[in-house]
Amino acid sequence: MDKFIINGGVQLEGTISVSGSKNATLPIAVAAAILADSASVIHNVPNLRDVETLCAVLEVLGATTKYKNSTLYIEPISRLVHEAPYDLVRKMRASIYVLGPLIARLGRAKVSFPGGCAIGPRPIDLHIKGLERLGAKIQIIGGYIVAEADGLVGAEMLLRGQYGSSVGATANVMMAATLAEGTTIIRSAAREPHVSDLARFLNAMGANIEGIGTSVLKIHGVKQLRGTEYAVVSDDVETGTFMVAGAITKGDIFVKNAVPENLTAISEKLTEAGVQLDWEDDGVRVTTPRQLQAVDVRTDTFPGFPTDMQAQMMGFLSVTPGISIITETIHTDRFIHVGELNRMGADIQVDQNSAVIRGVPRLNGAPVMASDLRAGAVLVLAGMAAEGETTVSRVYHIDRGYESIEKKLASIGADIIRVNDYGDRRRFPYHEPQYLLVHHTPHRR
Ligand code: UD1
């Protein structure tokens with residue numbers, strides 16, 4: 001298992017580029033593989049472990065995928081298989097995205113029930129409710145979601161749970177509804193940038209979705225969807241992580257491909273804390289000319305502050321003077337990174353779904369462990385701001401969602417290297433990671 005060794009204290013300087021959105025790519029790839037009747041070419045696809053895992057799931061279902069230079073080519077499935085097995089689904093929760101499209105295309109699906117994960121239990125009741133509203137009959141049998149439908153029919157529904165709207169449920173139901181008979185109205189739909197990007201992709205395939213970017217989606221069913229060529233929107237969480245990297249190292253960086261309308265909550269909080277953001281056509285310059293100050297943050301569904309940026313913001317606030325409070329309202333026990341930050345000298349206390357952060361003058365390098373994707377990202381940020389050496393182990397969590405993060409950060413001055421189990425040190429530039437996607441041979445059963 002690879003580790004990062006980071007020597008902190010360097011002020012980052014230069015231009016860093018953001019890749020395509022992971023969370024948009026995943027459902028887009030599913031739609032291209034299952035809903036379309038011809039090939040799609042998807043550009044700006046990040047080279048990530050999660051994308052590779054999803055492609056493996058799509059291959060088991062009968063698709064062919066090829067990836068080269070950020071472009072994913074997907075040949076649609078001619079002989080669809082309706083079953084997504086446990087061994088694959090357990091590797092990635094987003095495999096649940098195959099459920100709606102399989103029901104829409106085949107009238108049946110058997111998909112392993114996804115488990116919880118490091119950030120909480122993560123139920124799927126809203127996915128099931130929405131698909132049932134479209135006419136599917138769904139049972140949980142032997143750890144599998146078993147669904148049958150005799151043709152889906154459009155319906156009106158409120159997709160809202162205890163924690164507000166759901167990204168996954170909105171995407172799943174929206175994909176299924178594109179091929180349903182008649183019109184579906186989803187109220188309280190998730191508005192996250194990756195949901196809107198999926199909707200735009202579906203429309204490019206021939207779907208008829210109105211209200212993109214709003215909380216009411218109107219989906220007029222069509223008979224058929226075709227493959228298309230599309231470029232994925234840039235990743236808002238990677239953008240936010242790099243903005244924090246500039247701020248936490250008191251650097252002067254330009255984050256290229258940042259999309260301002262997808263980052264309003266992050267930008268507002270960083271500005272309130274004293275970070276200077278200067279927007280240009282193709283990105284944002286991040287500097288810290290003023291004294292920084294504590295801010296309170298409450299995560300929320302889009303356009304609120306994203307839960308996927310909570311850990312990174314906490315890392316920044318841990319070295320910002322004053323007392324900040326972060327309240328997590330989406331994944332309410334998502335504080336697994338607090339223990340590791342405190343090992344580095346942060347002063348953070350958790351009380352139920354809130355964390356009280358007393359800014360300290362500096363963090364100290366330490367051996368720490370990534371326990372999930374964003375909880376791993378904050379350790380890289382903290383390591384760059386800390387005095388001395390930080391070793392971040394289990395970086396495979398970070399590789400799930402950040403494309404060559406150490407290579408990108410090293411290119412703007414970070415002192416970070418990847419070390420594998422055999423002690424091989426790889427300082428940028430090094431050969432591409434092993435998980436670089438290559439042609440997957442379709443596996444048919
Ligand atoms: C997606 C993102 C994840 C992000 C999350 C919230 C992907 C691949 N993942 O996850 O990175 O943290 O959005 O922005 O895009 N819930 C229910 N019932 C359901 C579904 C969800 O109660 O059927 C709850 C969840 O437990 C959570 C909240 O609703 O508390 C939001 O979850 P949701 O938006 O569905 O998250 P994901 O789609 O799983």
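What's counted below: heavy atoms across the whole structure, side chains too, no hydrogens, waters or symmetry copies. Counting starts at 1 for both ligands and their atoms, following the listed order.
Considering Ile140, Ile141, Val146 as possible partners of Tyr144, the one that fulfils the side-chain contact (heavy atoms from CB on, under 4.5 Å) test is Val146.
Short contacts between ligand 1 and Asp308, defined as distances under 4.0 Å to a heavy atom of the residue, involve ligand atoms 3 (C), 4 (C), 11 (O), 12 (O). When each atom of ligand 1 is checked for a heavy atom of Arg334 under 4.0 Å away, the hits are 12 (O). Contact atoms of ligand 1 toward Thr307: 6 (C), 12 (O), 14 (O) (distance under 4.0 Å to a heavy atom of the residue). When each atom of ligand 1 is checked for a heavy atom of Gly168 under 4.0 Å away, the hits are 35 (O), 38 (O). In the vicinity of Tyr163, heavy-atom distances shorter than 4.0 Å reach the ligand 1 atoms 24 (C), 28 (C), 29 (O), 30 (O). Atoms of ligand 1 lying under 4.0 Å from any heavy atom of Ile330, numbered from 1 in the order shown and given with element: 27 (C), 28 (C), 30 (O), 31 (C). Numbered from 1 in the order shown, with element, the atoms of ligand 1 that lie under 4.0 Å from a heavy atom of His127 read 23 (O).
The option with the heavy atom closest to atom 1 (C) of ligand 1, from among Thr301, Val167, Thr329, is Val167. Remark: among candidates Gly401, Gly161, Pro123, Pro27, the nearest residue to atom 17 (C) of ligand 1 is Pro123, based on non-hydrogen atoms.
When heavy-atom distances to ligand 1 are checked against a 4.0 Å cut-off, Asp125 comes that close through both its backbone and its side chain. For Leu126, heavy-atom contacts with ligand 1 shorter than 4.0 Å involve the backbone as well as the side chain. Of the heavy atoms in Lys129, none comes closer than 4.0 Å to ligand 1.
The nearest pair of heavy atoms linking Thr241 to Ala377 is CG2-CB, 4.4 Å. Contact between Ala375 and Ile336 at its shortest, heavy atoms only, is CB-CG2, 3.7 Å.
Checked for salt-bridge contact, Arg334 and Asp308 meet the test: a charged N lies under 4.0 Å from a carboxylate O. A salt bridge does not link Arg49 to Glu52: none of the charged side-chain nitrogens sits closer than 4.0 Å to a carboxylate oxygen. Salt-bridge annotation for Asp37 and Arg226: absent, with no side-chain N of the basic residue lying under 4.0 Å from a carboxylate O of the acidic one.
At a threshold of 4.5 Å between non-hydrogen side-chain atoms, the residues Glu328 and Thr307 count as touching.
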Run the side-chain donor-acceptor check on residues 159-180: report pairs under 3.5 Å with partners two or more places apart or on a different chain.
| residue | atom | partner | partner atom | Å |
| --- | --- | --- | --- | --- |
| Arg160 | NH1 | Ser188 | OG | 3.0 |
| Ser166 | OG | Gly168 | N | 3.4 |
| Ser166 | OG | Ala169 | N | 2.9 |
| Thr170 | OG1 | Ser166 | O | 2.6 |
| Thr170 | OG1 | Ala190 | N | 3.0 |
| Asn172 | OD1 | Gly100 | N | 2.8 |
| Asn172 | ND2 | Ile96 | O | 3.0 |
| Asn172 | ND2 | His127 | ND1 | 3.1 |
| Thr178 | OG1 | Met175 | O | 2.6 |

